[in-house]
Amino acid sequence: MISKWSEWKRYPRPGRGENIEAPITPGIYEVRIAGSGALHSFDAVENVAVALAMLQVGSRSWFGRRDPASSPDLEYRTCATATRAAAKAAAERMIGRRETYMSGAA
């Protein structure tokens, strides 16, 4: 069973000490660029909180540090599921609906 999507939340910016608010259960996450709404990343995972925490945002400098100036302003939302299989099935349905919509809009 799939729960409802959370509200959009600002993705923590590097060096600010902000936290990710996400379930530690299987589910789906979607990350978008706040200004344009363009999709940054989307996935069905075993642990939503860990997956969001490990997400690569922005570029790294020569010394392995993230450059905060090049990090895009991101937002994320999550949706918890009972199992990873349920998350994958829900994600595939969403992708199918999005492709159908985009093909009709083109």
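Counting begins at 1 with the first residue of the sequence.
The line from CD of Glu75 to CZ of Arg32 is 4.5 Å long, rounded to the nearest 0.5 Å. In this structure, the separation between CD on Glu21 and CZ on Arg10 is 13.5 Å, given to the nearest 0.5 Å. Rounded to the nearest 0.5 Å, atoms OH (Tyr76) and CD (Glu7) are 12.0 Å apart. Separation of atoms NZ (Lys4) and OG1 (Thr78) is listed at 14.0 Å; rounding is to 0.5 Å. Here CG of Leu74 is found 7.5 Å from OG of Ser41. Values are rounded to the nearest 0.5 Å. For the atom pair OG1 (Thr83) and NZ (Lys88), the distance works out to 11.0 Å, reported to the nearest 0.5 Å.
Partners of Arg77 by side chain to side chain contact (heavy atoms under 4.5 Å, CB included), not counting sequence neighbours, listed by chain and number: Trp5, Ser6, Trp8, Glu30. Partners of Ala51 under the side chain to side chain contact (heavy atoms under 4.5 Å, CB included) rule, at least two apart in sequence or in another chain, are Tyr29, Val45. Judged as a side chain to side chain contact (heavy atoms under 4.5 Å, CB included), and not counting sequence neighbours, Glu92 has no contacts.
Between the side chain of Glu18 and the backbone N or O of Arg13, at least one donor-acceptor pair lies under 3.5 Å. Between the Tyr11 side chain and the Ile20 main chain, no donor and acceptor come within less than 3.5 Å of each other.
The two atoms that bring Ile28 and Ala91 nearest to each other are CD1-N, 3.9 Å, heavy atoms only. Among all heavy-atom pairs drawn from Ala22 and Val48, the shortest one is CB-CG1, 4.0 Å. Counting all heavy atoms, side chain and backbone alike, Asn47 lies closest to Pro23 at OD1-O, 3.9 Å.
Counting heavy-atom neighbours within 6.0 Å of Lys9 NZ, excluding the residue itself, gives a total above 12.
Side-chain heavy atoms closer than 4.5 Å link hydrophobic residues (I, L, V, M, F, W, Y) into clusters, and following such links, even through other members, never connects Ile24 to Val31.
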